[in-house]
Every structure is written in C-alpha cells, then in structure tokens.
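Owing to the predicted nature of the structure, the values given are computational and were not obtained by experimental measurement.
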Amino acid sequence: MNTMAHSITMIIVFISIVALTNASNLYPQFYDHSCPQAKDIVRSVVTKAVAKEARMAASLLRLHFHDCFVKGCDGSILLDNSGSIISEKGSVPNRNSARGFEVVDQIKAALEKACPQTVSCADALALAARDSTVLAGGPSWEVPLGRRDSLGASLSGSNQNIPAPNNTFQTILTKFKLKGLDIVDFVTLSGSHTIGNARCTSFRQRLYNNSGNGQPDLSLDQSYAAKLRQNCPRSGGDQNLFFLDPVSPTKFDNSYYKNLIASKGLLSSDEILFTQNQQTMQYVKQYAANQELFFQQFAKSMVKMGNITPLTGKSGEVRKICRKVNS
C-alpha cells in the first residue's frame with residue numbers, strides 16, 4: 001500500500017473511532033425528563049407540513065443528510081448569512097435546491113414554546129428526517145438524541161463533502177467512507193431517492209453529452225430519456241423538476257432499486273450503483289426483490305449517519321432560532 005493510500009486509510013479509521021466516541025453520548029431518551037413532549041411536537045409539525053405538500057418529506061430527509069455530511073450532524077446547514085458566518089445554503093449542492101427551512105422554523109418555534117432552549121436544531125432535524133420517512137410509508141427507527149448546535153457553518157465543506165449527481169462511483173464512496181460510512185450505507189441511503197425530485201441541471205449531461213463526446217448516456221433507458229428531454233432542454237429549464245422515482249414518486253418503497261435494474265435511474269449517481277460495481281449491483285438486486293430487507297438496513301444506516309461527529313456535552317449550544325447562533 002502506498003503512503004498516500006495508507007494515510008487515507010488511517011484517517012478513515014481515526015474518523016470512525018471519533019464518530020463512535022461522540023455518538024455514544026447520544027441516546028433516544030435524552031429529552032425524556034427535560035422535554036418529554038419533544039418527539040410528539042416534531043411529529044405533529046412534520047405531519048401537517050407533509051399533508052400540505054408530499055414533497056416536503058423528501059426535502060426534510062435531505063436536509064438532515066446535507067447537515068450530517070458537513071462538520072457532522074450539528075444543524076450547520078440551517079444557519080443564514082450573518083456576521084462572520086457564510087451560510088451553507090449558498091453552496092452548489094444547496095443553492096436553489098435545499099428547502100424545508102420554514103418547516104424547521106415552525107418545529108423550533110413549537111419546541112421553544114414548550115421547552116425553552118432545550119431541544120437542539122440538529123436533533124429536531126434528525127427527528128424530522130425519521131418522521132418524514134415514516135409518513136411517506138418507509139421504516140421507523142429510534143433516533144439517538146443529544147446533539148448540540150454548531151456555532152458556525154462551512155461553505156467549503158458543503159461544496160466538497162456532499163456527493164454530487166455527476167461524481168464518479170469512487171468519489172462518492174470515498175465521501176461516504178470519510179464520514180465513517182461504508183459501501184452498504186452508500187447503496188442503502190441512496191434509496192432515499194425513492195421520494196423527492198431532481199432538477200434538470202442535475203442530470204442534463206446524461207441526455208445530451210455524457211462524456212464530452214456529444215452522445216447521451218446509454219446506460220439510461222432511451223425511451224425514458226426521450227420523455228425527460230421534453231422538459232429538460234439542452235439549455236434553459238435548469239430548475240425544472242422531475243421525480244427521482246417516477247413509479248411511486250411520493251411513496252417510500254423499493255421501486256427506486258427496480259428502476260435502476262430497468263436502466264431508469266434518473267441521476268448518474270443512482271444508476272452507477274447498478275452498472276459500475278459488482279458489490280453494489282448485488283445489493284440493488286436484493287433490495288429490489290425484498291423491500292423489508294431494504295427498510296431494515298435503511299433504518300440502521302440512518303442511525304449511523306445521524307451519529308456522524310455530533311457536538312455533545314458542553315460543545316456548541318442549543319440555538320433558540322435555527323437560522324442564527326445565540327447572541
């Protein structure tokens with residue numbers, strides 16, 4: 001093993017140890033005495049928001065993911081620009097894309113009313129992600145709690161650490177591994193694309209010029225591609241929305257994996273799970289055949305993701321308003 005590969009391996013091992021050490025301070029009963037109604041409050045606000053707009057379930061789930069992949073699950077994605085803070089909301093993965101912040105504001109306001117300065121924004125986001133999954137028909141899990149909120153944001157971290165739809169298989173896997181997640185988590189958490197939408201700009205290259213040779217991506221079903229071109233032109237229409245799972249767009253199920261087998265994964269980062277790696281291809285086949293298996297592993301992988309380097313104890317703070325640090 002060369003020195004570079006060895007040092008990356010050692011970094012990954014170290015990160016995994018740090019992640020586990022901090023995560024052991026999280027436990028589902030964290031607010032049982034200080035704010036026993038916390039979970040019910042979050043669920044109630046999320047239920048209303050998803051009833052009003054089904055897409056919100058995917059939006060809230062994604063906020064938790066985009067939070068955890070930058071400096072850990074610390075609510076940093078929720079901070080607006082202010083003073084020395086440059087918001088993560090302006091990063092390439094989040095700009096014109098991350099949404100649901102108003103729902104988080106509503107959750108936080110309700111929590112503050114019931115239990116002032118007790119429940120962190122980071123925990124509210126972790127609970128909202130679980131509730132969103134359940135409301136869309138997916139699995140449930142006990143959410144370990146006790147995260148605290150960051151005192152800053154990282155625009156560069158948001159630009160660099162979050163997997164992008166056109167990243168290579170190896171780049172995305174490395175981004176997962178640097179967070180203490182593995183290849184199983186990569187395939188399983190990608191399954192959250194069973195709900196939600198993607199913008200034309202996220203997959204346009206697959207329709208027209210996949211590898212710089214003016215040819216479309218042939219690993220995309222061509223009749224599906226023709227349909228997509230109708231609303232995703234060569235130029236313009238960047239923000240036009242498309243279902244990530246056209247079969248059951250608002251239902252959390254395993255049809256995402258069936259779509260990949262049928263060459264109907266919308267994003268390149270989805271389809272490569274089936275076309276570029278034997279191990280992930282096997283998981284895709286297993287999940288397509290067995291929804292219960294997918295649900296069980298999704299719950300485990302979500303807990304694992306929610307454990308990425310949280311701030312605990314006296315680190316960070318419990319924000320009063322999720323958009324800004326306490327003054």
Side-chain angles (χ1 to χ4, degrees), residues 28 46 50 54-66 68-69 73 125-144 162-163 165 167 169 172-173 175-177 179-198 219-221 224 242-308:
V46 173
V50 172
R55 180 188 174 201
M56 191 52 71
S59 303
L60 293 170
L61 178 54
R62 184 166 181 252
L63 277 186
H64 180 47
F65 169 51
H66 282 206
C68 292
F69 264 64
C73 314
L125 213 43
L127 287 166
R130 187 271 313 270
D131 294 340
S132 294
T133 303
V134 173
L135 285 163
S140 188
W141 59 91
E142 275 211 293
V143 180
I162 296 170
N167 280 160
F169 182 92
I172 299 175
L173 182 58
K175 286 179 178 183
F176 272 79
K177 284 186 172 174
K179 298 294 167 198
L181 302 175
D182 60 26
I183 197 162
V184 179
D185 302 312
F186 173 19
V187 188
T188 309
L189 293 172
S190 295
S192 59
H193 287 176
T194 172
I195 54 174
N197 299 348
S219 71
L220 180 62
D221 177 86
Y224 181 41
F242 297 77
F243 293 131
L244 282 159
D245 168 14
V247 177
S248 51
T250 58
K251 188 166 178 6
F252 197 103
D253 56 21
N254 67 337
S255 59
Y256 166 82
Y257 296 103
K258 295 176 184 174
N259 296 341
L260 299 188
I261 295 170
S263 303
K264 291 181 179 177
L266 183 59
L267 306 177
S268 167
S269 53
D270 294 324
E271 196 58 51
I272 56 178
L273 293 173
F274 190 67
T275 58
Q276 293 197 7
N277 180 282
Q278 280 301 119
Q279 205 180 341
T280 57
M281 180 201 263
Q282 289 311 316
Y283 284 115
V284 168
K285 286 179 178 171
Q286 285 175 26
Y287 291 161
N290 186 342
Q291 181 167 277
E292 191 45 44
L293 183 70
F294 164 48
F295 278 15
Q296 284 169 3
Q297 185 57 50
F298 188 80
K300 285 182 194 156
S301 291
M302 282 298 291
V303 170
K304 203 169 156 188
M305 183 181 82
N307 285 342
I308 298 173

Are Pro163 and Phe69 side-chain neighbours, meaning at least one heavy-atom pair lies under 4.5 Å?
yes
State, with a plain yes or no, whether a side-chain heavy atom of Tyr256 is found less than 4.5 Å away from one of Ser190.
yes
To the closest 0.5 Å, what do you measure between CG (Leu293) and CD (Gln297)?
7.5 Å
Pairing residues for His193 by the side-chain hydrogen bond (donor to acceptor under 3.5 Å, both in side chains) criterion, not counting sequence neighbours:
Asp270
Take Tyr287 and Thr188 through the test side chain to side chain donor-acceptor pair (under 3.5 Å) and record every step on the way to the result.
CA-CA 9 Å; Tyr287 291 161; Thr188 309; 2.8 Å; yes
Checking the side chain of Ser268 only, and the main-chain atoms of Asn167 only, is there a donor and an acceptor separated by less than 3.5 Å?
no
Euclidean distance, Leu60 CG relative to Leu125 CG, rounded to 0.5 Å
7.5 Å
Rounded distance [0.5 Å steps], CG in Asn307 versus SG in Cys73
7.5 Å
Distance-minimising heavy-atom pair for Asn254 and Ala288:
ND2-O, 3.0 Å
Leu189 side chain reached by Met302 side chain, heavy atoms, under 4.5 Å:
yes
Report the C-alpha distance between Leu127 and Arg130 in whole Å, list the side-chain angles of each, state the deciding distance to 0.1 Å, and finish with yes or no for side chain to side chain contact (heavy atoms under 4.5 Å, CB included).
CA-CA 5 Å; Leu127 287 166; Arg130 187 271 313 270; 3.6 Å; yes
Asn197: which residues meet the side-chain hydrogen bond (donor to acceptor under 3.5 Å, both in side chains) condition with it, sequence neighbours left out?
none
Using a 3.5 Å cut-off and no angle test, enumerate the donor-acceptor pairs between side-chain atoms of residues 135-144 and protein atoms at least two apart in sequence or in another chain.
none

If I take atom OG from residue Ser132 and atom CE from residue Met56, how far apart are they, to the nearest 0.5 angstrom?
9.0 Å
Quick one: side-chain hydrogen bond (donor to acceptor under 3.5 Å, both in side chains) partners of Lys304, sequence neighbours excluded?
Asp182, Asp185
CD1 on Ile195 to OG1 on Thr133, rounded to 0.5 Å
6.0 Å
Side chain proximity check, Glu271 to Leu260, heavy atoms < 4.5 angstrom
yes
Kindly determine whether Phe186 and Ile172 satisfy side chain to side chain contact (heavy atoms under 4.5 Å, CB included), including the steps that lead there.
CA-CA 8 Å; Phe186 173 19; Ile172 299 175; 3.3 Å; yes
Please walk me through it: do Phe274 and Ser219 pass side chain to side chain contact (heavy atoms under 4.5 Å, CB included)?
CA-CA 10 Å; Phe274 190 67; Ser219 71; over 6 Å; no
Name the atoms and distances for all side-chain donor-acceptor pairs under 3.5 Å in residues 278-286, with sequence neighbours left out.
unit_1, atom_1, unit_2, atom_2, d
Thr280, OG1, Leu273, O, 2.7
Thr280, OG1, Asn277, O, 3.1

Ser248: side-chain hydrogen bond (donor to acceptor under 3.5 Å, both in side chains) partners, not counting sequence neighbours:
Asp245, Asp253, Ser255
For residues Phe298 and Phe252, establish whether the separation of their ring centroids is below 6.0 Å.
yes
In this structure, CZ of Phe169 is separated from CD of Gln276 (nearest 0.5 Å) by 7.5 Å
Can you tell if the side chain of Phe242 reaches within under 4.5 Å of the side chain of Leu266, non-hydrogen atoms only?
yes
Taking every heavy atom of Ala198 against every heavy atom of Leu244, the minimum-distance pair comes out as CB-CD2, 3.8 Å
Please report the C-alpha distance between Ile308 and Met305 in whole Å, then the side-chain angles of each, then the deciding distance to 0.1 Å, and finally whether the side chain to side chain contact (heavy atoms under 4.5 Å, CB included) criterion is met.
CA-CA 6 Å; Ile308 298 173; Met305 183 181 82; 4.0 Å; yes
